[in-house]
Amino acid sequence: MGIHLLPPQLVNQIAAGEVVERPASVVKELVENSLDAGAKRIRVEVEQGGLRLLRVRDDGAGIPKDELALALSRHATSKIDSLAALEQVRSMGFRGEALPSIGSVSRLTLSSRAGDAETGWRLLCEGGQELDLAPAPHPRGTTVEVRDLFYNTPARRKFMRTERTEFGHIDQLLRRLTLGRFDVGFTLVHNQRELSNLSAAETAPEQERRIGELLGPGFANDALFLAREASGLRLSGWAGRPTFSRSQADMQYFFVNGRMVRDKLVSHAVRLAYQDVLYHGRHPAYILYLELDPVQVDVNVHPTKHEVRFRESRLVHDFIHRTLGQALATGSPKQDHAPLTAPAAAPSPGAEAAPAAPGPAQRRLSLPLRESSARYQAAFEMQRPPPAAAPDGAPQASEPRAEQAPRLGFALAQLHGVYILAQNTEGLVLVDMHAAHERITYERLKTTYEDSAVVSQPLLLPVAVQVSRAEADLAEAHAPLLGALGLELDRLDQGALAVRAVPALLQGADAERLVRDLLADLQAHGSSERIREGINQVLATLACHGAVRANRRLSLDEMNHLLRQMEATERSDQCNHGRPTWVQLGMGELDRLFLRGR
């Protein structure tokens with residue numbers, strides 16, 4: 001066959017193979033177009049899982065009559081006009097391939113009314129062929145109706161799943177889009193039945209209410225809000241507490257400048273932040289929003305725009321890791337916060353973001369091991385409800401001050417040698433004393449180990465590791481870093497390394513596997529936490545053996561000292577295995593248990 005130009009319809013169908021994977025892909029492209037048009041209300045109607053009908057209606061800017069046909073042409077867009085505009089792009093779409101690709105594999109109707117136009121217009125397209133342009137009544141905005149998806153590509157239609165499965169993909173996709181734009185209202189209808197109708201969420205309580213409706217009240221109640229800005233990067237959103245972990249990575253939402261993405265670098269940074277507080281095999285839940293200068297991120301690396309590439313990938317990775325890790329370490333209680341806003345206009349290149357105010361940190365308390373029982377008894381008396389006013393109007397006792405009521409309160413007793421019962425201003429605190437002391441001991445061991453030089457253990461017989469030339473070059477380039485971690489490597493030839501020393505705490509580890517994993521991490525992420533993870537596992541084991549055991553009787557002073565240590569220790573809300581170390585029972589919960597007030 002000689003070289004020839006492909007017919008336009010076949011070109012569009014090839015593009016559809018990249019862009020239109022299933023009905024959910026069509027919904028994604030159409031809803032993103034609506035968002036780019038400035039819509040504040042979007043309605044999505046689906047029939048038979050989207051194969052029979054997909055209709056997306058918005059109240060955006062609309063399309064003028066003379067641009068309707070152009071909207072169905074390949075590489076026609078109103079969002080960029082130059083390479084500089086592409087590098088600064090903030091719109092969800094920009095290639096101009098979605099509508100012609102969708103139209104080439106369906107029966108498409110495009111109806112729109114722009115601005116102050118007297119009437120709307122409708123354009124029909126079947127299998128990529130434009131059929132008719134006629135006036136049609138339509139409110140301001142645009143409606144795209146897609147019928148009989150893949151009717152002319154039966155091979156592709158055979159790959160579609162059941163109606164329930166295809167609609168499940170649409171529902172999940174719309175959930176992601178809804179979490180990305182709180183300023184827009186969304187309605188979803190399936191088989192003429194309205195399943196959800198979400199109004200715009202402008203305030204923080206409204207946004208948390210929307211999150212609760214989409215992800216359930218469990219996440220909304222167990223999530224930490226975080227917001228930090230530094231070095232031109234801003235990370236905000238909600239991170240689920242380690243106690244709210246998942247067996248699958250099905251509740252992870254990450255947005256870059258308002259665009260939902262699935263990025264390996266981001267996933268790795270989040271995994272590192274959670275590695276010390278989660279059970280093995282469990283997955284964190286989070287909704288996070290990263291904002292940065294559009295010049296610093298390339299969104300034009302995948303046809304569906306699910307993936308991005310960061311110019312300063314190491315900076316982004318460390319910023320996400322440290323910000324999220326700090327939020328989990330402090331474990332700040334639920335607090336009021338400013339509402340999230342829609343993605344803002346691009347910051348001016350090179351502008352340095354103002355440093356964010358430091359997040360709430362636990363106040364470190366320094367109390368001696370043996371404290372006066374009388375002091376705690378006095379504190380208990382001050383926390384009791386004030387007595388009723390005397391008949392003659394005598395004043396009541398003053399309220400206790402905040403510094404007299406620590407977060408975990410004061411110890412009351414020990415239950416079966418396992419739990420500490422304490423009283424704080426909210427009610428009753430139950431503490432698993434072994435789990436709590438294990439975390440305290442573990443964090444102290446980590447601090448001590450990090451503050452001192454890593455001790456290396458020379459191997460009696462060096463271990464030879466066969467690697468590629470590129471890996472050997474990588475090991476040679478990172479020799480100072482590996483040496484600081486206690487790992488000594490020598491290069492034998494172009495593709496061989498000799499391991500001569502390992503960190504003393506890892507002397508029983510598989511040296512060859514450790515080196516291979518380290519080099520793989522360095523290639524993928526530019527850094528590695530393998531050695532640190534291995535050392536932490538050893539320290540965690542030491543902490544577990546050194547923690548106070550069950551059935552050990554503690555005095556009131558010892559129990560209170562443990563509570564004060566918990567308040568001064570990072571990540572003390574979870575033990576080393578991800579279990580909670582304490583729970584709060586408020587007075588309202590206790591009253592309901594005893595039917596008080598009914």
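Only this structure's heavy atoms are used, side chains among them; waters, hydrogens and symmetry mates stay out. Bear in mind that the values here come from a model prediction, so they are computed numbers and not experimental data.
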Which atom pair, heavy atoms only, marks the closest approach of Pro23 to Leu51? CG-CD2, 3.9 Å
d(Ile211 CD1, Leu214 CG) to nearest 0.5 Å is 8.5 Å
Please check this pair: side chain of Glu206 against backbone of Thr203, looking for a donor-acceptor N/O pair closer than 3.5 Å. yes
With the side chain counted from C-beta on, respond yes when Ser247 and Arg282 share a heavy-atom pair under 4.5 Å apart, and no when they do not. yes
Worked verdict on Val256 versus Asp263 for side-chain contact (heavy atoms from CB on, under 4.5 Å): CA-CA 10 Å; Val256 177; Asp263 188 86; over 6 Å; no
Flag the pair Ile320 / His268 as yes when at least one side-chain heavy-atom distance between them is below 4.5 Å, and no otherwise. no
Only one of Leu173, Leu188, Val146, Asp171 passes side chain to side chain contact (heavy atoms under 4.5 Å, CB included) with Val27; say which it is. Leu173
Which value, rounded to the nearest 0.5 Å, describes the distance between Asn197 atom CG and Arg43 atom CZ? 8.0 Å
CA sep, side-chain torsions, deciding dist, call: Thr187, Arg41, side-chain hydrogen bond (donor to acceptor under 3.5 Å, both in side chains): CA-CA 8 Å; Thr187 301; Arg41 187 80 210 177; 2.6 Å; yes
If the plane angle is over 60° it's perpendicular, under 30° parallel, otherwise tilted; pick one for Phe167 and His190. parallel
Check: Gly240 main-chain N/O paired with Asp222 side-chain donor or acceptor under 3.5 Å: no
Looking at OG of Ser196 and CZ of Arg210, how far apart are the two atoms once the value is rounded to the nearest 0.5 Å? 9.5 Å
Working to the nearest 0.5 Å, report the span between CZ of Arg271 and CG of Leu324. 13.0 Å
Would a distance-only check, ignoring hydrogens and angles, find a side-chain to backbone donor-acceptor pair under 3.5 Å from Arg259 to Ser91? yes
With a 4.5 Å limit on heavy-atom distance, are the side chains of Val266 and Phe310 in contact? yes
What pair of heavy atoms forms the shortest contact from Leu226 to Ala327, and how long is it? CD2-CB, 4.0 Å
Any heavy-atom pair between the side chains of Leu35 and Ile42 that's under 4.5 Å? yes
Is there a side-chain contact between Gln207 and Trp238, using heavy atoms and a 4.5 Å cut-off? yes
Heavy-atom donor-acceptor pair, Ser104 side chain to Ser101 backbone, under 3.5 Å: yes
Is a donor from one side chain sitting under 3.5 angstrom from an acceptor on the other, for Asp432 and Thr581? no
Stepwise side-chain contact (heavy atoms from CB on, under 4.5 Å) check, Arg571 with Tyr442: CA-CA 10 Å; Arg571 305 177 186 87; Tyr442 176 44; over 6 Å; no
May I ask you to decide if Arg22's main-chain N or O and Glu166's side chain share a donor-acceptor pair within less than 3.5 Å? no
A side-chain contact here means heavy atoms from C-beta on lying under 4.5 Å apart; do Ile102 and Leu30 qualify? yes
How about CZ on Arg175, more than 12 heavy atoms from neighbouring residues, nucleotides or ligands closer than 6.0 Å, or not? yes
Taking all heavy atoms of Ala239 and all of Tyr274, pick out the closest pair and write down the distance. CB-OH, 3.5 Å
Salt-bridge criterion met for Lys28 and Glu32 (N-O under 4.0 Å): yes
Tyr289 versus Gly237, closest heavy-atom pair with distance: CD1-CA, 3.9 Å
Below 4.5 Å, heavy atoms only, C-beta onward: do Arg407 and Trp582 meet side chain to side chain? yes
Kindly say whether Gln466 contributes a backbone atom to a donor-acceptor pair with the side chain of Arg516 at under 3.5 angstrom? yes
Nearest heavy atoms of Ala39 and Asp58, plus distance in Å: CB-CB, 3.6 Å
Audit row: Leu290, Val297, side-chain contact (heavy atoms from CB on, under 4.5 Å) steps and yes/no: CA-CA 11 Å; Leu290 177 66; Val297 56; over 6 Å; no
Under 3.5 Å, side chain of Thr77 to main-chain N/O of Lys79, donor-acceptor pair present? yes
Rounded to the nearest 0.5 Å, how far apart are CG of Leu224 and CZ of Arg241? 4.0 Å
Where do Leu179 and Phe255 come nearest, in terms of heavy atoms and distance? C-CZ, 4.0 Å
Might you work through the side-chain contact (heavy atoms from CB on, under 4.5 Å) test for Asp276 and Arg439, ending with a clear yes or no? CA-CA 10 Å; Asp276 221 14; Arg439 168 59 74 178; 3.9 Å; yes
Once you round to the nearest 0.5 Å, how far does CZ of Phe182 lie from CZ of Arg209? 12.0 Å
With a 4.5 Å cut-off on side-chain heavy atoms, are Arg228 and Gln326 touching? yes
Polar side-chain atom of Asp59 near backbone of Lys40 as donor-acceptor pair, under 3.5 Å: yes
Donor-acceptor contact below 3.5 Å, side chain Gln252 vs main chain Pro284: yes
Arg262 and Ser267 side chains, donor-acceptor separation under 3.5 Å: no
Backbone of Ala475 reached by a side-chain donor or acceptor of Arg491 within 3.5 Å: no
